[in-house]
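Single-structure report; data block below.
Both ligands and their constituent atoms are indexed starting at 1 by order of listing. These numbers were taken from a predicted model, which means no experiment stands behind them.
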Amino acid sequence: MTVQGIIDRENRFMARNYHPLPVVLARGEGVWVWDTDGNKYLDFLSAYSAVSAGHSNPRILNAMMKQAQTLDVPSRAFHTEILGQFVEQLCVVTGMDKALPMNTGAEAVETAIKAARRWGYRVKGIAKDKAQIIVAEHNFHGRTTTIVGFSSEPLYRDGFGPFPDGFDIIPYGDADALEAAITPDTCAFLVEPIQGEAGIIVPPGGFLKRAQEICKKNDVLFILDEIQTGMARTGKDFCYQHEIDKPDGLTLGKALGGGVYPVSAFLARKDVMDVFEPGSHGSTFGGNPIAASIGLEALAIMKDEKLSERSHELGEILKSKLNALQSPLIKEVRGKGLLIGMEIDPAHARARTVCEKLKERGLLCKETHETTVRFAPPLIITRDEIDWAVEQVAETLTELSRQP
Ligand SMILES: *Cc1c(COP(=O)(O)O)cnc(C)c1O
């Protein structure tokens, strides 16, 4: 079938809830993917940070296949040894007390919301159905109705109401606003340490530390959504490690699934997680042996391959090389580790156009909103591959700057 035929079939039979670049991928290995015509591309998005260990990572595939052939999905009605190993390791690397495994990121966030509210009622003593959770403007925590209900993005919300109450929105990165928004009914502050979908927005230095102090003083849970920023993406194993020891609650997902399987988790302090008793929450596939063995291997790869160090060093190089381009099209380059946003001056070009041109040169990226190009390559990328990517960006921007 032709490329256009494949795209037309998707458009004919599938919901149009995404706007993909016009490329049809057929194969992937490491940092590279190939289309149906055999053209090769450097994957500079890595499935929104889910493919940090590279496509078809042999260690991940081996863990997955071995487990699938041994014991696949028995459900949580029974114990398995691998699940205990996985949650223990999750707690060791994050410093948290307990974990609750789920599948998608949104489910981990829903779990965090349930835990925070119950903790609010049962531990903090908030009156029934009064618990409030503070969130940040331009947040992205997933796509369930509850979660989009506290989004500030009209596109995510429009037509999906009515939404549940119980959320207060403050400007991102504003600790004073957090302090002012807290009431005796506040059970938690839920926030991304860097806002990914919003356009790689880095809060002012010291924000996480101050936010945590404010939460502590007011008996409010400090919950970080590290579904995108975790697993070495920002130059530390977890982004909070740039500023604090650990939060009270933490959501992980994306790269925890090794690029091949949905694996997520909510992690928390013991007194928070202990609000769940049998029957109060669950997931048929959450924590199944395949997920557990993949998650365990993803954590091991993060350590063995020193992905945080790589992410930090290569991220600094990528940022400084992009800045050195001094292109009139670039308004700003921002981010930490290998989570980088390149802000395009809309007077010159749309971010989408930049991504389309980069695709023609063999570099796959995706815009987020109108003006930001997101760079989030697999963390196993090499220095030479980064250099090659920057050359493609340089040539693309030069080309676009010549156009009226
Ligand atoms: C991707 C993402 C989610 C949602 O994860 P899904 O697996 O798509 O449900 C939640 N929070 C953040 C910060 C994310 O980047």
Side-chain angles (χ1 to χ4, degrees), residues 15 17-18 20 45-52 94 100-116 133 135-153 155-157 160 167 169 172-173 188-203 207-208 211 222-234 236 238-240 247 249-267 283 285-287 291 294-295 298 311 335-341 365-369 372 374-376 379:
N17 57 329
Y18 278 86
L45 175 68
S46 50
Y48 304 93
S49 302
V51 186
S52 291
T94 58
L100 198 163
M102 297 294 284
N103 311 284
T104 65
E107 288 174 320
V109 172
E110 288 280 348
T111 306
I113 292 167
K114 283 185 170 180
I133 296 175
V135 296
E137 205 176 359
H138 306 303
N139 69 72
F140 182 83
H141 299 286
R143 300 290 197 166
T144 66
T145 42
T146 293
I147 292 172
V148 298
F150 61 82
S151 168
S152 58
E153 177 62 55
L155 183 65
Y156 300 166
R157 298 166 51 90
F160 299 135
F167 299 93
I169 302 181
Y172 184 62
F189 175 45
L190 169 66
V191 71
E192 300 153 87
I194 292 175
Q195 287 186 325
E197 297 309 301
I200 323 296
I201 310 298
V202 183
F207 169 68
L208 291 186
F222 182 55
I223 302 179
L224 292 178
D225 180 349
E226 292 238 28
I227 289 164
Q228 187 155 163
T229 55
M231 300 296 290
R233 176 51 57 186
T234 71
K236 298 268 186 197
F238 303 97
C239 192
Y240 63 80
L250 176 68
T251 53
L252 298 178
K254 293 200 166 103
L256 190 60
V260 298
Y261 202 84
V263 184
S264 73
F266 170 61
L267 291 118
S283 161
F285 279 82
I294 289 169
S311 175
K336 276 199 172 120
L338 281 171
L339 184 60
I340 292 177
C365 316
K366 193 69 167 65
E367 77 280 3
T368 175
H369 299 281
T372 313
R374 165 176 20 203
F375 296 137
L379 303 180

Pairs involving residues 249-266, ordered by first then second residue, that meet side-chain hydrogen bond (donor to acceptor under 3.5 Å, both in side chains) (sequence neighbours left out):
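Matches after skipping sequence neighbours: Asp225-Thr251, Tyr261-Asn288.
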Just by distance, with hydrogens left out, do Glu110 and Thr144 show a side-chain donor and acceptor under 3.5 Å apart?
yes
Answer yes or no: are there more than 12 heavy-atom neighbours, outside Tyr48 itself, under 6.0 Å from its atom OH?
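Above 12, so yes.
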Kindly say whether Glu192 contributes a backbone atom to a donor-acceptor pair with the side chain of Tyr172 at under 3.5 angstrom?
yes
Fit a plane to each ring of Phe189 and Phe207, take the angle between them on a 0 to 90° scale, and name the class: parallel (under 30°), tilted (30 to 60°) or perpendicular (over 60°).
perpendicular
Kindly assign one of parallel, tilted or perpendicular to the pair Phe150 and His141, based on the angle between their ring planes and the thresholds 30° and 60°.
tilted
Residues in the immediate environment of ligand 1 (any heavy atom closer than 4.0 angstrom)
Thr104, Gly105, Ala106, Phe140, His141, Gly142, Glu192, Asp225, Ile227, Gln228, Lys254
